[in-house]
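A short worksheet on the structure shown next.
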Amino acid sequence: MALATALACPSLAFAADPTAATTVSPTETVTSSETTPVDPGDTSTPSEPDTSQSASSAPSQPAKKQLRITGLKTSFTKTPKSTIKDAVKISPAGKHQVLLQRYNPATGKWSTKAKFTTASNGKVTLKYPNTWRKTNSSTWRVAVKATSTTERLISKSVTITTKNRSSVKLKAKSAVIVNAATGQTYFTKNENTKRQNASTTKMMTALLAAERNELSDRVTITKQAANTDYSNLGQRSIGDTITVKNLLHMALIPSDNGAAEALAIHTAGSEKKFVSLMNKRAKELGCTNTSFKNPHGLAQKGHGSSAHDLALIAREVLNRNDLSSIVKKKSYSFRSTNGIPYTVKSTNKLLGSIKGIHGVKTGFTNAAGHCFVGAFKYKGNTYVTVVLGAPTSDARWSDTKKLIKYVKKWF
């Protein structure tokens with residue numbers, strides 16, 4: 001399973017001769033105009049037009065046609081044993097020489113790695129050279145040479161991510177490693193399988209509560225929230241008020257179910273309305289195998305998510321300072337409005353024991369097994385690790401350590 005996004009056919013831009021190595025960034029937009037494109041490497045000053053001849057005596061030049069490419073996939077996530085082919089079409093139809101070029105980040109230049117010729121209808125199947133297998137990620141583009149009747153064409157960038165470069169034996173049923181910044185997926189195991197995900201659900205609860213409330217807002221604890229299973233609120237808290245900030249700490253650090261319920265009711269007015277918001281937000285983030293039924297993750301028919309989807313949610317949590325600062329804490333203490341003291345301790349056993357670990361959320365029910373969504377910073381990048389359905393608590397920690405080892409090996 002892969003975290004690969006199939007983007008729509010890109011709009012095209014025109015640039016310098018595609019056979020030449022250029023220093024255009026793989027993310028730079030190359031534009032075109034009505035005039036002949038200027039070579040980016042040409043630093044000379046354009047000469048003044050020759051006005052010695054009358055306009056009527058100058059031979060007219062037919063305008064060159066602009067080429068377009070359709071069907072180009074701009075993102076692939078593949079294992080090293082895979083081959084990558086992509087069927088595209090160059091329009092207008094005709095035989096065109098097509099170049100497949102790779103970007104070298106060390107030199108800032110593009111170089112041609114394969115050449116193809118389209119059929120008379122403009123169609124061609126691109127086969128990517130297997131050099132992509134040797135790196136975690138590589139950037140490519142398609143270039144079409146200019147002719148006497150057509151302009152040069154440069155496509156948008158194509159990203160190839162190589163996953164599962166080495167095997168990792170895990171006890172968990174599902175797992176994934178994702179770059180928190182780019183979303184690229186580097187390791188997968190049944191990553192799209194929907195399963196019960198226990199308290200990792202609270203990442204979405206916390207995200208919505210933080211997005212829709214002020215941290216200083218005071219939440220009145222209802223009987224429903226106080227009586228939620230596996231909560232430290234209890235009867236003493238009914239009618240008391242606790243800030244959103246403190247409830248977020250309770251929900252994320254020790255995984256308090258009552259705190260999650262209180263946040264849900266305060267944010268949307270009822271658990272049912274909040275769950276609707278949870279599922280809507282999940283779709284906005286690109287989750288395709290997630291269906292929440294409650295805000296805390298207690299086992300319920302139809303409730304669940306996938307390793308891939310939870311990585312998407314975790315990325316959004318880590319992107320917020322108010323939440324990322326909470327999930328890296330080992331403990332936290334506060335008092336409610338009525339003066340009731342609370343001290344919470346993290347269920348994340350890797351915090352403080354492995355350098356670079358700074359979150360995110362644990363989970364366990366009999367139906368879900370032992371789960372953990374982790375955040376691991378290494379060489380300036382943060383990687384989200386997810387394990388779902390581990391048979392024991394120790395197994396989820398050992399599986400996570402194996403995923404961390406994978407990151408250290410290949411990055």
Side-chain angles (χ1 to χ4, degrees), residues 1-4 76-82 132-138 159-193 195 197-200 203 305-315 317-318 324 327-330 346-364 368-411:
M1 120 196 223
L3 184 57
F76 296 92
T77 301
K78 298 289 185 178
T79 63
K81 293 183 179 180
S82 304
W132 61 266
R133 297 174 177 175
K134 299 179 181 180
T135 57
N136 294 311
S137 180
S138 55
T159 301
I160 300 178
T161 303
T162 312
K163 70 172 185 176
N164 294 34
R165 297 185 69 188
S166 59
S167 61
V168 182
K169 294 183 178 180
L170 303 175
K171 294 181 179 179
K173 294 178 179 179
S174 296
V176 74
I177 300 174
V178 172
N179 184 304
T182 67
Q184 289 173 285
T185 303
Y186 298 116
F187 180 85
T188 62
K189 177 184 177 181
N190 301 324
E191 75 276 24
N192 289 319
T193 301
R195 59 180 77 255
N197 62 299
S199 285
T200 59
M203 291 191 301
S305 187
S306 66
H308 166 269
D309 288 359
L310 290 173
L312 292 179
I313 298 170
R315 290 179 64 205
V317 168
L318 292 169
S324 61
V327 297
K328 66 182 180 182
K329 294 179 181 179
K330 296 182 69 174
S346 178
T347 53
N348 181 355
K349 291 187 177 181
L350 299 185
L351 275 178
S353 64
I354 295 181
K355 183 179 179 181
I357 287 287
H358 56 282
V360 178
K361 191 70 197 73
T362 58
F364 169 75
H370 295 266
C371 309
F372 179 59
V373 179
F376 174 62
K377 189 171 184 178
Y378 185 68
K379 293 184 177 180
N381 291 307
T382 294
Y383 301 90
V384 175
T385 64
V386 181
V387 292
L388 299 179
T392 65
S393 182
D394 287 343
R396 70 176 161 189
W397 303 128
S398 63
D399 280 357
T400 300
K401 290 177 182 178
K402 290 177 182 178
L403 296 180
I404 290 173
K405 186 177 180 181
Y406 179 96
V407 171
K408 290 182 176 180
K409 176 178 181 179
W410 293 112
F411 296 91

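All values below were derived from every heavy atom in this structure, side-chain atoms included, with hydrogens, water molecules and symmetry-related copies excluded.
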For the student: nearest non-hydrogen atoms of Leu318 and Val384, plus distance: CD1-CG2, 3.9 Å
For Gly389 against Cys371, the heavy-atom pair lying closest together: N-SG, 3.9 Å
Spatial distance of atom CG (Leu388) from atom CG (Asp399) [nearest 0.5 Å]: 11.0 Å
NZ-NZ distance between Lys171 and Lys402, expressed to the nearest 0.5 angstrom: 7.0 Å
Sub-4.5 Å side-chain heavy-atom contact between Lys401 and Leu350: yes
Backbone N/O of Ser82 and side chain of Arg133: donor-acceptor pair under 3.5 Å: yes
Note, Val373 side chain near Val317 side chain (heavy atom, < 4.5 Å): no
Side-chain (Asn179) to main-chain (Thr182) donor-acceptor, under 3.5 angstrom: yes
Exam field: side chain Arg396 to backbone Gly369, donor-acceptor pair closer than 3.5 Å: no
Smallest separation among heavy atoms of Ala395 and Thr392, with atom names: N-OG1, 3.0 Å
Contact summary for Val387 and Ala175, nearest pair of heavy atoms: CG1-CB, 4.3 Å
CD1 on Ile313 to NZ on Lys361, rounded to 0.5 Å: 13.0 Å
CG on Asn164 to CH2 on Trp410, rounded to 0.5 Å: 11.0 Å
Option among His308, Lys189, Arg195 that satisfies the side-chain hydrogen bond (donor to acceptor under 3.5 Å, both in side chains) test with Ser174: Arg195
The single option from Phe187, Phe376, Tyr383, Tyr378 passing ring pair (Phe, Tyr, Trp, His ring centres under 6.0 Å) against Phe411: Tyr383
Evaluation steps, side-chain contact (heavy atoms from CB on, under 4.5 Å), between Phe364 and Ser393: CA-CA 9 Å; Phe364 169 75; Ser393 182; over 6 Å; no
From Thr347, Thr200, Asn348, Leu403, residue fulfilling side-chain contact (heavy atoms from CB on, under 4.5 Å) relative to Phe372: Asn348
From Leu170 atom CG to Asn190 atom CG, the distance as rounded to the nearest 0.5 Å: 10.0 Å
Over 12 non-hydrogen atoms of neighbours within 6.0 angstrom of NZ in Lys173: no
Residue among Val176, Thr79, Thr77 satisfying side-chain contact (heavy atoms from CB on, under 4.5 Å) with Thr188: Val176
Non-hydrogen side-chain atoms of Thr159 and Gln184 separated by less than 4.5 Å: yes
Validation row: Pro80, Thr162 side chains within 4.5 angstrom (heavy atoms): yes
Nearest heavy atoms of His358 and Lys328, plus distance in Å: O-CB, 3.7 Å
Test item: Tyr186 side-chain N/O and Arg165 main-chain N/O as donor-acceptor pair under 3.5 Å: no
Straight-line distance of Asp309 CG to Thr193 OG1, nearest 0.5 Å: 11.0 Å
Check: Lys329 and Ser346 side chains under 4.5 Å, non-hydrogen atoms: no
